[in-house]
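Here's the structure we're looking at; comments come further down.
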There are 2 protein chains.
Amino acid sequence: MSLATIPDPDGRQTADDRTQAIRDHLRDAIVDRRLAPGTKLTETEVGALFNVSRTMARSALQMLSFEGLVRIERNRGAFVANPDPGEARQVFAARRLVEPGIAAAACAQATPRDLARLRAHLADERRHMDLRGPSARRAEIKASGEFHLLLAEASGNQILHRFMEELIARSSLVIALYGRSGASSCGHDEHGGIVDALERRDAAAAQALVVRHIDHIEADLDLDQGRTTSLKAALSSLRPT
Amino acid sequence: MSLATIPDPDGRQTADDRTQAIRDHLRDAIVDRRLAPGTKLTETEVGALFNVSRTMARSALQMLSFEGLVRIERNRGAFVANPDPGEARQVFAARRLVEPGIAAAACAQATPRDLARLRAHLADERRHMDLRGPSARRAEIKASGEFHLLLAEASGNQILHRFMEELIARSSLVIALYGRSGASSCGHDEHGGIVDALERRDAAAAQALVVRHIDHIEADLDLDQGRTTSLKAALSSLRPT
DNA sequence: GCCGCCCGGATCGCATACAATCGCTGCGTT
DNA sequence: AACGCAGCGATTGTATGCGATCCGGGCGGC
């Protein structure tokens, strides 16, 4: 029954913000699709799951709504976001705008430490790729997202990093929703190529590779599926339980 | 004494979210420098100013901290952000990355309605430019920011629009902090040129003009002033009252 | 006289309590 | 039988209370 457990339930070790921890757990659950899009997240329920009061649950949900992973309707409650194809396209349009620039910046700014972390991450990704099955696919999506986050970190710009955090989280949700399962593993080699470009400090190449990479990810999506009617779109907002 | 008043204090007219209104008022006050950077924003005090309880004040402050306009220190309180030159540079680096792309997107997506609104805004800006004095300068900074927001709106991408909202707010703060007063009015003609390019659907020109525009804004800043020591930087975090 | 320590006030963190709102169910009416 | 409406349960919106934490000032020791 438990969705996730706080590392230290008696609440001392965790030190600073427990609400932060709740938010992270919920975000993971959403991005991993352990929480289906459209699911209602009752404040009381969330609070009970994490052994905190509604205050904290509410706070965490509000944070997630800022990130676009949760939709809050006044006097109705919070629901796991259920991005329609249009929203999905916007997410990727934003990535297409932002990420090449981040790659270029990372080319100029990346420290050896950054590069090492990227390399280490590539190894992680390869490990996930060897596995099969739905949980492996989840892990793969998550790892793939983390690569882009590391890239943003390497750019040395905290603001862009935070933007990317949001974009990656929403992308993961979109991929989980609309991804054709088949080709999603193609990403890894492209990641490697990007790191190569970074190490050569070849900004133009890095940018081009990132654009191609995003193209590939988006091409793997099936964003035309729900195109029946506007009624369907309206219904998709309801909880599928 | 009153910082700002809620349109309808008895709290009916405002309809949906009062915390939203509080956040907007505070943001305006910060961006306008009616609240000096470093000022402590006590939950109780904010609540009293807007006739709400700490709960709402806290919520509004938390939103602002997400936007980077307020810094929250655990068990200490909320303070108006006091961006150091490094942070200022990150803000503008982010804008330099994002805005040209937005301009290009706007070239492709802008509706006649968008263009009309941009034109109307240009007229507003010209009106502000004719006035002199500190309050006029504030209005000018704000109007200048709104132009970029309209541009983001014209791009048709809500996500990018929200990113720009944050960047513009932080930019306004940075300009207010580090701007040399003299040349800031140069921006207007550039705005006009950008709209011209949009109307011609000339994406390349629009991008180039936006980049030049951001260059000019940033060139007008004096980001080397606090370069004495790291001690100075540490002290700048304290409240100047 | 200077330094470190302890204590008090202020402020936040979080929980709980009360009020407002919404959707739903069941009844009465047409 | 279908529609409209009123009461009710559930859930959120908002306020307040209590304990925890941190900063600053006063006191004692060195």
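Letters A, B, ... are given to chains in the order of the sequence lines, protein chains preceding strands, and every chain is numbered from 1.
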Round to a whole Å and report the spacing from CD of B:Glu45 to C1' of C:dA10.
13 Å
Return the value, rounded to whole Å, for the distance between atom CD of B:Glu43 and atom P of D:dT21.
17 Å
What's the closest nucleotide to the side chain of A:Arg74 if the choices are D:dT11, D:dT14, C:dC14?
D:dT14
Can you label the angle between the A:His148 ring and the A:His191 ring as parallel, tilted or perpendicular, going by 30° and 60°?
perpendicular
Tell me: CG of B:Asn75 to P of C:dC12, nearest whole Å?
9 Å
Calculate the interatomic distance between A:Gln20 atom CD and C:dC14 atom P; express it in whole Å.
11 Å
B:Ile72 CD1 to C:dG13 C1': how many Å, rounded?
12 Å
Sole residue of B:Leu160, B:Leu167, B:Ile214 in side-chain contact (heavy atoms from CB on, under 4.5 Å) with B:Glu99
B:Ile214
Do B:Val174 and B:Leu221 come within less than 4.5 Å of each other through their side chains, counting heavy atoms only?
yes
Do the charged groups of A:Glu218 and A:Arg89 touch, with an N to O distance under 4.0 Å?
no
When you get a sec, tell me which of C:dC14, D:dT14, D:dT12 is the closest nucleotide to the side chain of A:Lys40?
D:dT12
If you count the non-hydrogen atoms of other residues, nucleotides and ligands that lie under 6.0 Å from CD in A:Gln158, is the total more than 12?
no
Whole Å only: how far is the CZ atom of B:Phe79 from the P atom of C:dT11?
11 Å
Listed nucleotide nearest any side-chain atom of B:Thr42, set D:dT14, C:dT16, C:dT11:
C:dT11
C:dG23, C:dG13, D:dT12: which one has an atom nearest the side-chain heavy atoms of A:Arg76?
C:dG23
Distance, rounded to the nearest Å, where A:Glu73 contributes CD and D:dA10 contributes P:
21 Å
Do B:Leu118 and B:Phe147 have side chains that get closer than 4.5 Å, going by heavy atoms?
yes
Numerically ordered, the residues 54-61 of chain A set in heavy-atom contact under 4.0 Å with DNA chain C is A:Arg54, A:Thr55, A:Met56
Any chance the side chains of A:Ser171 and A:Arg95 put a donor and an acceptor closer than 3.5 Å?
yes
Spacing between B:Phe50 atom CZ and D:dT14 atom P, to the nearest angstrom
15 Å
